[in-house]
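The first residue in the sequence is number 1, and the count goes up from there. These values consider heavy atoms only, across backbone and side chains, with no hydrogens, waters or symmetry-generated copies. What you see is a predicted model, and the numbers here were worked out from it, not measured in a lab.
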Amino acid sequence: MSVVKPPFLGVAYYPEDWDVSEIDKDIEKMLSCGINVARIGEFAWRKMEPRDGEFDFSWLHYVVEKLKNAGIGIVMGTPTAVPPIWLTKKYPDMLVEYKNGRVMQHSGRRHACSNHPEYIKYSARIVEKLAEEFGNEEWIIGWQIDNEIYLQNNEGCFCKNCAEKYHKHLENKFGTVAEMNKRLNLNLFSQEYDSFDEVPLPRDTWENPHLKQEFLISAGQANIDFVAMQAKILKKYTKAPIGTDQIPYNGMNYRKLHDPLDVIQFNHYNTPENLWECCLWFDYLRTMKDRPFWNTETATCFSGSTGTSGSIKPDGFCYVNSWLPLVLGGEATMYWLWRTHWAGQELVHGSVMDSSGRPMYSTQEVKAAARDFRKCADFINNTKVHTNIALHYSSLCHNMFETQPVVGDFNYGESLKNYFYKPLINCGLRPDVIDEEAELQKYDVVFSPLMITLDQGKLRERIADWVRNGGIWITGPMTDIRTNDGTRFTDRLHGMLESLTPAVFKYWFPDKEKSVKSKWDDGETFGGNTYYEIYEPNVDADIVTVTGGHKEIIGGAVVQCYSVGKGFVYVLGTMPDEKDMNKLITAVCEKADIPCNTTEGNSIIVSFRKGKDTEGVILTDVCGKGGIYHNKTRYKDIISERAFDDDIVIKPYEVMVLEKI
């Protein structure tokens, strides 16, 4: 049991940057700001092991003792993101090789290949030594493995070790070269191979999309294995929760990454212009574990390196940004960083304290967040986010669209976020964002747009059973149009749509110019974007039909609804304009008897919470515009102590923690 109780308000602290005389002063200021957790150690491999096999943890013990004597919990980081120069010199071939053949130089982080055997061996050794020193320390409330492990240049490493692992991955998946040739149609363009090690890496060629997809999966698996190796070592020495701090990107399989871990750790640096976007990741990551996630990095003000990458934020932004993880299912917000580095690559990154030890302009908002975290701790700790709506997201689909975007420069993540997630939250809904392995039974409504394949996790069969038992499924566009390998079906467009419903597919085509004209069944115009699937008209099912465009598509259906068993399937053939997506969401929610359109202003995040003995809702404005929540329940705001039983006005960047009374 942790000696520090959540919610956690923490900072990244780098005592190796500072003279030892600064530590007491830093800790005193942390306490004055309400900080109760410090992350340390993540970039200090050289300080821990100045020479090969010579270890020095005395300085780190000193810092741990100082922090725990002040009542500040510790998240200990493994330093494997920064192998020291003596290791790079000993094994120069461990440096990452880029797609163009150039080799990365020794750097400030992430310069070593996760597949290199000696890098793995030395990483395991430093992790084990660190765990031996601190595994039993009760004031260490958690462990962080590495730092933001990702695919280099969004493409992976192209060294000989990665080539060997890629070829082994192909063998493990397909079994034989003949099976790979057959399933991927490598007969085309004389691409058939006689052995797996003949398959080239996806560079300097017209890349085969299916083989490139497997390369991306293999590259991601190298990082997953590297993290799992460290978790296995740490678990021999500690009972504290273990995670790895991540920015979800690059199509890495985040469920597999977190299977051996205990807590989801997430980093983001969103700004006032796009703060709402990180909510998608919070809604996604909270579904991965049955425990609250940690936001291990976010900025108090602006980001930057040797120059800033942002500007001063408006009043209240730091406060609401601090709250957002807790609103959406987390129990920790940790700032990067406590005190701006006085030298090096990140001279001007925002922090709680400037390098001079003086507060930044946002520090008072940090203190306000700490105060209100304490006020609301019981409610936050004893309730969970409650929803009966889900939106699918898949790392495999991400990789598939990366290798075959279907329409021009189509971007899976941006399209999912803007065309589907944003309208859902603007309707006052709180979707769980789920992957293909997630159970469906808890949901009444599931949206599955852009799920280009449903082969994984027997999702196709599970969706069909769930619909027949009463679920409402919104499918399309571009859903279930590929196999798990990224290949097309030879006798149909979709894997199961025409067998599950009476829908009859006619045509698909791109329409980036918005030339197709359509209307709702009530006569209102309907706007679609980028891509269309057109279906044979069905008078009992048509919701939106084509009224203009190529003569062959006029009269065809763009949106239909079919009854299937006890449930319903909505077939969506394009990416609707926002007003039309809102209209569709409203119709679906009415059918499911789910309250919808509960907010005004397109700025309010609504998070319903339920616990054993209490329930309520947290409201927060994330766009700085304020808004209205249409309320019909008697609530008391724990922060302001005001009571409400009708419409609630939310001010710009305000947070209201409303407990039912």
Under 3.5 Å, is there a donor-acceptor pair linking the side chains of [X] and [Y]?
| X | Y | value |
| --- | --- | --- |
| Lys165 | Gln221 | no |
| Asn154 | Glu402 | no |
| Asn181 | Asn187 | no |
| Glu552 | Tyr507 | yes |
| His258 | Gln246 | no |
| Thr271 | Glu273 | yes |
| His268 | Asn321 | yes |
| Gln560 | Tyr562 | yes |

Handout entry: Flag side-chain contact, heavy atom, 4.5 Å: Asn426 against Glu578
Key =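 A side-chain contact exists here, since the closest heavy-atom pair is under 4.5 Å.
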
Practice task
Taking the side chain as every heavy atom from C-beta outward, state whether Glu498 and Phe505 have any pair of such atoms under 4.5 Å apart.
Solution key: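 Yes - at least one pair of side-chain heavy atoms lies under 4.5 Å apart.
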
[X] versus [Y], closest heavy-atom pair with distance:
| X | Y | result |
| --- | --- | --- |
| Arg609 | Val327 | NH1-O, 3.3 Å |
| Thr598 | Val606 | OG1-CG2, 4.5 Å |
| Pro325 | Asn295 | CG-OD1, 3.2 Å |

Mark yes or no for whether [X], through its side chain, and [Y], through its backbone, hold a donor-acceptor pair below 3.5 Å.
| X | Y | result |
| --- | --- | --- |
| Thr574 | Asn529 | yes |
| Asn274 | Asn270 | no |
| Asp444 | Asn388 | no |
| Glu533 | Leu572 | no |
| Trp473 | Val467 | no |

Practice task
Have a look at Phe282 and tell me which of Trp294, Phe266, Trp276 forms a ring-ring contact (aromatic ring centres under 6.0 Å, His included) with it.
Solution key: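 Running ring-ring contact (aromatic ring centres under 6.0 Å, His included) over Trp294, Phe266, Trp276 with Phe282 returns exactly one hit, Phe266.
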
Problem - Test applied, side chain to side chain contact (heavy atoms under 4.5 Å, CB included); reference residue, Tyr166; option that passes from Asp197, Leu201, Asn115, Asn161 - result: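 Exactly one pass, corresponding to Leu201.
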
Exercise for the section: Evaluate the ring planes of Phe509 and Tyr532, with Trp represented by its six-membered ring, and classify them as parallel (under 30°), tilted (30 to 60°) or perpendicular (over 60°). Expected result: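 The arrangement is parallel - the two ring planes meet at less than 30°.
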
Exercise for the section: Would you please classify the geometry between the Phe401 ring and the Phe410 ring as parallel, tilted or perpendicular, with 30° and 60° separating the classes? Expected result: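 Phe410 and Phe401: tilted rings.
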
Enter the distance from [X]:[atom1] to [Y]:[atom2] here, rounded to the nearest 0.5 Å.
| X | Y | atom1 | atom2 | answer |
| --- | --- | --- | --- | --- |
| Asn208 | Phe189 | CG | CZ | 10.0 Å |
| Thr545 | Asn538 | OG1 | CG | 12.5 Å |
| Gln404 | Lys212 | CD | NZ | 11.0 Å |
| Asp435 | Cys397 | CG | SG | 10.5 Å |
| Arg183 | Phe174 | CZ | CZ | 5.0 Å |
| Thr479 | Met451 | OG1 | CE | 7.5 Å |

Charged N-O contact under 4.0 Å between [X] and [Y]:
| X | Y | answer |
| --- | --- | --- |
| Arg291 | Asp262 | no |
| Glu524 | Lys579 | no |
| Lys182 | Glu179 | no |
| Lys458 | Asp465 | no |
| Asp432 | Lys442 | yes |
| Asp409 | Lys512 | yes |
| Arg286 | Asp283 | yes |

Exercise for the section: Check the pair Asn484 / Leu396 against side-chain contact (heavy atoms from CB on, under 4.5 Å), numbers first and verdict last. Expected result: CA-CA 8 Å; Asn484 206 44; Leu396 177 59; 3.1 Å; yes

Practice task
Determine, stepwise, if the pair Ile434 / His392 fulfils side-chain contact (heavy atoms from CB on, under 4.5 Å).
Solution key: CA-CA 5 Å; Ile434 60 174; His392 268 124; 3.6 Å; yes

Practice task
Apply side-chain contact (heavy atoms from CB on, under 4.5 Å) to the pair Met575 and Leu450, showing each step before the final yes or no.
Solution key: CA-CA 9 Å; Met575 291 181 288; Leu450 312 179; 4.3 Å; yes

Practice task
Run the ring-centre check on Trp281 versus Tyr393 and record whether the distance is less than 6.0 Å.
Solution key: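 Yes: the rings meet the under 6.0 Å criterion.
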
